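Order of the sequence lines sets the chain letters (A, B, ...), proteins ahead of strands, with each chain counted from 1. Please read these numbers as outputs of a predicted model, since none were measured by experiment.
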Amino acid sequence: MYEHDVIVVGAGGAGLRAAIAAHEAGSDVAIVSKLHPVRSHTGAAEGGINAALQEGDDWELHAYDTMKGSDYLGDAPAVETLAQDAPEDTMRLEHWGMPFSREEDGRVSQRPFGGLSYPRTTYAGAETGHHLLHTMYEQVVKRGIQVYDEWYVMELATSDEDEPNDRSCHGVVAYDVQSGNVEGFKANDGVILATGGPGQAFDHTTNAVSCTGDGHAMAYRAGAPLEDMEFIQFHPTSLPSTGVLISEGVRGEGGILYNSEGERFMFEHGYANNSGELASRDVVARAELTEVNEGRGVDDEYVHLDMRHLGEERILDRLENILHLAEDFEGVDGLVEPMPVKPGQHYAMGGIEVDENGQTCVDGLYAAGECACVSVHGGNRLGGNALPELIVFGKRAGRHAAGEDLGEPQIRTGYGDDVEDETETELPVQPGDAGLDTSSGVAADGGVAADAQGIVERKVEQARTRVDTLMDRDDGVQHAEIRQKLQNAMTDYVNVFRTEEGVKKALRIIRECREEYQNVYVDDPSRTFNTDLQQTIETRNLIDVAETIALGALVRDEFRGAHWRKEHQERKDDEWLKHTLISWNDGQPDIFYRPVILEGQDKTYEPKERSY
Amino acid sequence: MSTQQQQPEEPQSQEAPEDPEMRGAESPVDEKEKQGGDIDQQTTPEDELEGETVHIKVFRYDPEVEGKQEPRFDDFHVPFEKGMTVLDAVMYARDTYDSSLTFRHSCRQAVCGSDAFFVNGKQRLGCKTQIADLEQPIRIEPLPHQEVVKDLVVDMDHFYDQMHTVEPYFQDEDTPNPADLEEQRQSPENREKIKMSSRCIWCGACMSSCNIAAGDNDYLGPAAINKAYKFAMDDREGEEIKEHRLRILEQEHGVWRCQTQFSCTEVCPKDIPLTEHIQELKREAVKKNLKFW
Ligand SMILES: Cc1cc2nc3c(=O)[nH]c(=O)nc-3n(C[C@H](O)[C@H](O)[C@H](O)COP(=O)(O)OP(=O)(O)OC[C@H]3O[C@@H](n4cnc5c(N)ncnc54)[C@H](O)[C@@H]3O)c2cc1C
Ligand code: SF4
Ligand code: FES
């Protein structure tokens, strides 16, 4: 068994920042990651980091924009912390050597971004995430922080009291991908989940193949509720065959969207008579899908994004990287033909419920980055607000886990006297456990009181049994089949458009996936680098996560932020200024709600119409 | 109708390296295939491929599994789709025909650097290589000169060690305290100077293509030297540290090992002018009058 003070699971922007912070606070910290750090999906971020750096801008404006963008579902203490800390933490990156783009006077450049009242997005070319990730990994190397890379974390080692709020987390169970050995990692002071997004729950996504919501699922099964999972951001311009993102820059520079009939549909079909192609992400995404659904899609699948009229010179000057993307990943030359694009899953606003210090309701269990929900983004994330979230809340979680006092949090977590109970919504199927799987996390096993060491050991045994079971089966269903079915259901029914009927259908299919999963088997008999095994375990996580997304989408009968419901076309502030929380409840998921906090330090954010 | 033939078409003995244990299973380079060479020019027009299947031959090896201990090639025929990449093809083969087919991949967009393979005799990123640009059958092998862990997965530890050797981090100790938010100034020109070098995604293609690295295990290699270049050329760090960096590069297995063969530059998926960077560092070192080997 390995032992450290703090264990960070994941080595993207959030995980690396958390580890550095814990290390600086004097803790013996280690990172356990299924990918080598530089492979993390943070490296794919292009656009930038929002931080109020310049004179004339200030954190209060950033907070205001963020709250408005969230459609008033962000919690003010989280939003204000983000806006206040982002400048310092961005500057820290600069001092660590991050190659930000520069102005003539040598200062870092900032550019305008959608939904921002001031040009406050700092960037490093079109590769901001790449540089952020590499710069932080460099600092991890500098500090000699231990990294267990290509170790796949399977489960948390959490005690199993009845109430999640009484539980505590003492480590994780992971296996070495290279050798297949399952081992325990004991954490004396805390476990920080920084496992990134769950994009692979959808068939078409800008997220990496590794974005499988593992941290979400592990925390959920350990008792920490998942919050606001229904809020998924879809990006309107991703390439059809791979999901690679074509940045908003193309439309910003004047790129035009056409349907198969050559109509400039954003105007001609009246989706956004003022801003046209530059309307907000969700509006454009819905317009594109409507075109396709009404038979005006190209190949019944996508629409065209044309930039040829901008001329070669301008394209080469400002959008050169887009040409490479279209060429390399779609085989299309953007100078001579329009580029095919369609909406793709892009970002999960919801996640593991945490407070401003990154703590979940389970003692010693933290989460940061895209897998967490503080909640900064509420119903809709503004471009450029995810990267600052990684560094601000990664840092806070790292410090807190290492024992630093960050003050009393204002956000509450877990089931408590401030939540609203139960939902009236009728569920089409019983969500949760399908009965047989041995991996339900907090399996009741006699309730023997054990010390931390004992808890980790017990979980290791369970995990070994689980791996053996999966490997020993000779036939059954393969994960790829189940995963595809799940992804299709999510993309067909819990996508940009959501109807009650559709979401219910998705829940039924998810249930089927869960039942089929009881017979899943791993065909590859080798313990060496068994990606078949890894994907099989990931698929289980995707099932749990997808179900919470669909459940949230069903119960929230309003239209807020990225969540659109056909039957409910307005934002219902009287009823829905509250977060959706779903708790695993040992296999019989519970839904409850916690009011959003709109009271900031000095002011209250009054909900206004979100129009731009 | 089966679209897959499990048996290798050719006798295995022709393809397999003599002894996989010796230096790991180094992926074989078939001479015939190599001379058939100019892969990039004899391409198949995309329209002709529409509705067709693509024939790929994938290197297989697993030290643990009977029948795979001797490296072999498996043939897969996957349906072609417009825009299909080498990574798409192996993913399709894995998900549809053989779930034990193993390779690293994640981002699918040339930023994570996981999927550098040896494709038709050249180091390429799977996700960034269009099927339509390749001659068939497409041979997909692990990176040469690295130990094979399984199928297309190679051991990257040595590559990472070399990267770490050059102290790839800002040496500057002072981080701003919250009250003092001033950034260090850097001119746009200096930023531009380090731009290309900062694009490296640690894919290992360059190292694998380098003859010198193949012969001298201690050679820092193009990627690590390029990483050092990025820091050495960044004005924010100051002269003293730059000199320290040049000294690291000056050692026996550093820049002077490079014989300007340009193979690294040719394969780098990020178009980093590696050889140029190495040459420039040599000149810097001479200027600074540092001892060289
Ligand atoms: C294409 C694209 C462009 C974007 N552009 C921007 C932008 O311009 N600005 C912005 O603010 N945001 C942007 N975002 C969003 C932002 O980049 C992400 O939300 C953020 O990078 C996520 O970081 P993370 O650290 O939470 O997770 P990741 O970077 O995804 O890291 C997750 C880590 O967890 C590890 N892990 C996962 N599961 C396990 C497990 N079971 N065991 C062990 N380790 C595990 C992985 O190995 C990885 O190291 C973009 C996102 C995408 C997809
Ligand atoms: S320099 Fe180029 S080829 Fe070498 S590791 Fe970096 S990106 Fe890959
Ligand atoms: S899959 Fe990430 S570089 Fe190819």
Side-chain angles (χ1 to χ4, degrees), chain A residues 35-36 38-41 43-44 53 87-88 91-92 94-97 99-108 125 127 129-131 134 138-139 141-142 178 208-210 239-245 325 328-332 478-480 484 522-532 535, chain B residues 46 62-65 68 81-85 88 94-96 98-100 102-114 127-128 130 132 149-151 153 156 160 164 167-170 172 174-176 178 181-188 191 194-195 198-199 201-202 231 234 236-237:
Chain A
L35 301 173
H36 181 277
V38 302
R39 320 276 174 225
S40 304
H41 205 50
L53 294 173
E88 175 194 337
M91 280 300 110
R92 185 143 314 188
E94 197 281 327
H95 280 257
W96 286 340
F100 284 103
S101 294
R102 300 282 167 165
E103 293 301 308
E104 279 308 320
D105 64 0
R107 309 194 71 147
V108 301
E127 302 132 357
H130 165 80
H131 293 306
H134 282 256
E138 289 161 12
Q139 292 299 312
V141 172
K142 180 178 183 179
Q178 186 120 217
V209 176
S210 59
L239 295 174
S241 58
T242 52
V244 168
L245 184 84
L325 293 177
D328 295 338
F329 305 111
E330 198 68 37
V332 163
Q478 291 209 296
H479 71 82
Q484 191 60 54
V522 176
D523 196 36
D524 187 347
S526 173
R527 296 270 166 170
T528 306
F529 222 99
N530 192 331
T531 50
D532 192 4
Q535 289 191 297
Chain B
E46 201 155 90
D62 187 328
E64 220 190 290
V65 173
K68 273 180 82 182
E81 273 179 47
K82 190 169 156 49
M84 189 175 218
T85 62
D88 293 332
R94 178 197 61 196
D95 292 345
T96 320
D98 182 354
S99 61
S100 72
T102 304
F103 44 91
R104 290 193 183 94
H105 65 304
S106 184
C107 70
R108 300 166 305 153
Q109 54 186 91
V111 298
C112 77
S114 305
C127 63
K128 200 184 171 225
Q130 288 285 317
V149 176
K150 176 176 171 181
D151 294 349
V153 175
M156 294 290 286
Y160 295 145
H164 294 169
E167 303 182 9
Y169 35 77
F170 250 48
D172 198 356
D174 66 296
T175 45
L181 279 179
E182 278 287 295
E183 65 260 65
Q184 309 163 81
R185 301 295 172 104
Q186 182 183 28
S187 70
R191 165 67 171 72
I194 61 165
K195 180 173 99 179
S198 71
R199 289 198 170 155
I201 54 172
W202 297 45
F231 288 100
D234 192 319
R236 288 177 292 176
E237 260 198 338

Engineer: Look at A:Gly129, A:Ser101, A:Ser526, A:Pro87 and state which one has the largest set of heavy-atom pairs under 4.5 Å with chain B.
Structural biologist: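 The residue among A:Gly129, A:Ser101, A:Ser526, A:Pro87 with the greatest pair count is A:Ser526.
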Engineer: I'd like to know if A:Arg102 pairs up with A:Glu94 as an ion pair, taking the criterion as any Lys NZ or Arg NE/NH1/NH2 lying under 4.0 Å from an Asp or Glu carboxylate oxygen.
Structural biologist: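 Yes.
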Engineer: Between A:Glu138 and A:Lys142, is there a side-chain N and carboxylate O pair less than 4.0 Å apart?
Structural biologist: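 The answer is no: the pair does not qualify as a salt bridge.
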Engineer: Would B:Asp151 and B:Arg94 satisfy salt bridge (charged side-chain N to carboxylate O under 4.0 Å, His left out), going step by step from the backbone distance to the final call?
Structural biologist: CA-CA 12 Å; B:Asp151 294 349; B:Arg94 178 197 61 196; over 6 Å; no
Engineer: With respect to chain B, which residue among A:Asp105, A:Thr528, A:Leu53 yields the maximal number of heavy-atom pairs within a distance under 4.5 Å?
Structural biologist: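 Winner by heavy-atom pair count: A:Thr528.
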Engineer: Tell me, side chain or backbone of A:Val332 under 4.5 Å from chain B's heavy atoms, or both, or neither?
Structural biologist: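 Interface part for A:Val332: side chain.
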Engineer: Give, as side chain, backbone, both or neither, the part of B:Asp95 having an atom under 4.5 angstrom from any heavy atom of chain A.
Structural biologist: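 Interface part for B:Asp95: both.
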Engineer: Please flag which part of A:Gln478 lies under 4.5 Å from any non-hydrogen atom of chain B: side chain, backbone, both or neither.
Structural biologist: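 Answer is side chain: those atoms of A:Gln478 sit under 4.5 Å from chain B.
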Engineer: Give me the atom names and distance for the closest heavy-atom approach of A:Phe529 to B:Thr102.
Structural biologist: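 Minimum heavy-atom contact is O-CG2, 3.4 Å.
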Engineer: Who among B:Ser99, B:Ser187, B:Cys127 has the most heavy-atom pairs with chain A under 4.5 Å?
Structural biologist: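 Among the listed options, the one with the most contacts to chain A is B:Ser99.
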Engineer: Go through A:Val522, A:Val108, A:Leu325, A:Leu239 and name the one with the most non-hydrogen pairs under 4.5 angstrom from chain B.
Structural biologist: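 Greatest number of close heavy-atom pairs with chain B: A:Val108.
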Engineer: Looking at B:Ala110, B:Cys107, B:Ser198, which one has more heavy-atom pairs under 4.5 Å with chain A than the rest?
Structural biologist: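 If we count pairs closer than 4.5 Å to chain A, B:Ser198 comes out on top.
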Engineer: Using a 4.5 angstrom heavy-atom cutoff, name the option from A:Pro99, A:Ala208, A:Gly43 with the most pairs to chain B.
Structural biologist: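 Of A:Pro99, A:Ala208, A:Gly43, A:Pro99 has the most heavy-atom pairs under 4.5 Å with chain B.
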Engineer: With only heavy atoms counted, which part of A:Glu103 is less than 4.5 Å from chain B, the side chain, the backbone, both or neither?
Structural biologist: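 Answer is backbone: N, CA, C or O of A:Glu103 sit under 4.5 Å from chain B.
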Engineer: Which atoms form the tightest heavy-atom contact between A:Gly331 and B:Lys82, and what is the distance?
Structural biologist: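 Reported closest heavy-atom pair: O-NZ, 3.9 Å.
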Engineer: Tell me, out of A:His36, A:Gln484, A:His134, A:Gln535, who's got the most heavy-atom pairs with chain B below 4.5 Å.
Structural biologist: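 The answer is A:His36.
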Engineer: Judged by modelled atom types alone, do A:Ser210 and B:Ser106 share a side-chain donor-acceptor pair under 3.5 Å?
Structural biologist: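 Yes - a donor-acceptor pair under 3.5 Å links their side chains.
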Engineer: Parallel, tilted or perpendicular for B:Trp202 and B:Tyr160, by the 30°/60° rule?
Structural biologist: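 Taking B:Tyr160 first and then B:Trp202, their aromatic rings sit tilted (interplane angle of 30° to 60°).
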Engineer: Quick check for you: among A:His131, A:Gln139, A:Gln178, A:His41, which has the greatest number of heavy-atom pairs under 4.5 Å with chain B?
Structural biologist: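 The option with the most such pairs is A:His131.
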Engineer: What are the two closest non-hydrogen atoms of A:Asp328 and B:Gln130, and how far apart are they?
Structural biologist: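 Closest approach of A:Asp328 to B:Gln130, heavy atoms only: O-NE2, 2.7 Å.
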Engineer: For B:Lys128, is it the side chain, the backbone, both or neither that has a heavy atom under 4.5 Å from a heavy atom of chain A?
Structural biologist: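 Contact with chain A is through both the backbone and side chain of B:Lys128.
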Engineer: Below 4.5 Å from any heavy atom of chain B, which atoms of A:Glu104 appear? Answer side chain, backbone, both or neither.
Structural biologist: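 For A:Glu104, the contact with chain B is made by backbone and side chain together.
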Engineer: For B:Val149, which atoms come within 4.5 Å of any heavy atom of chain A: side chain, backbone, both, or neither?
Structural biologist: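 Answer is both: backbone and side chain atoms of B:Val149 are under 4.5 Å from chain A.
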Engineer: Side chain from CB out, backbone as N, CA, C, O: work out which of these in A:Leu35 comes under 4.5 Å of a heavy atom of chain B, or both, or neither.
Structural biologist: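 Only the side chain of A:Leu35 comes within 4.5 Å of chain B.
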Engineer: Ion pair present between B:Lys150 and A:Asp524, side-chain N to carboxylate O less than 4.0 angstrom?
Structural biologist: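 Yes, this pair counts.
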Engineer: Check each atom of B:Arg199 against the heavy atoms of chain A and say whether the ones under 4.5 Å are side chain, backbone, both or neither.
Structural biologist: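 For B:Arg199, backbone and side chain are both near chain A.
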Engineer: Quick one: what part of B:Thr85 sits under 4.5 Å from any heavy atom of chain A, side chain, backbone, both or neither?
Structural biologist: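 Contact with chain A: side chain only.
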Engineer: Could you give the distance from CZ (B:Arg185) to CZ (A:Arg107), rounded to the nearest 0.5 Å?
Structural biologist: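 Spacing of CZ (B:Arg185) from CZ (A:Arg107) equals 4.5 Å.
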Engineer: Select one option (side chain, backbone, both, neither) describing which atoms of B:Arg236 are under 4.5 Å from chain A's heavy atoms.
Structural biologist: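 The side chain, not the backbone.
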Engineer: Which heavy atom of A:Arg39 sits nearest a heavy atom of B:Met156, and at what distance?
Structural biologist: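 Heavy atoms only, the tightest pair is NH2-CE, 3.7 Å.
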Engineer: Relative to each other, are the rings of B:His105 and B:Phe103 parallel, tilted or perpendicular (30° and 60° limits)?
Structural biologist: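 Judged by the thresholds at 30° and 60°, the geometry between B:His105 and B:Phe103 is tilted.
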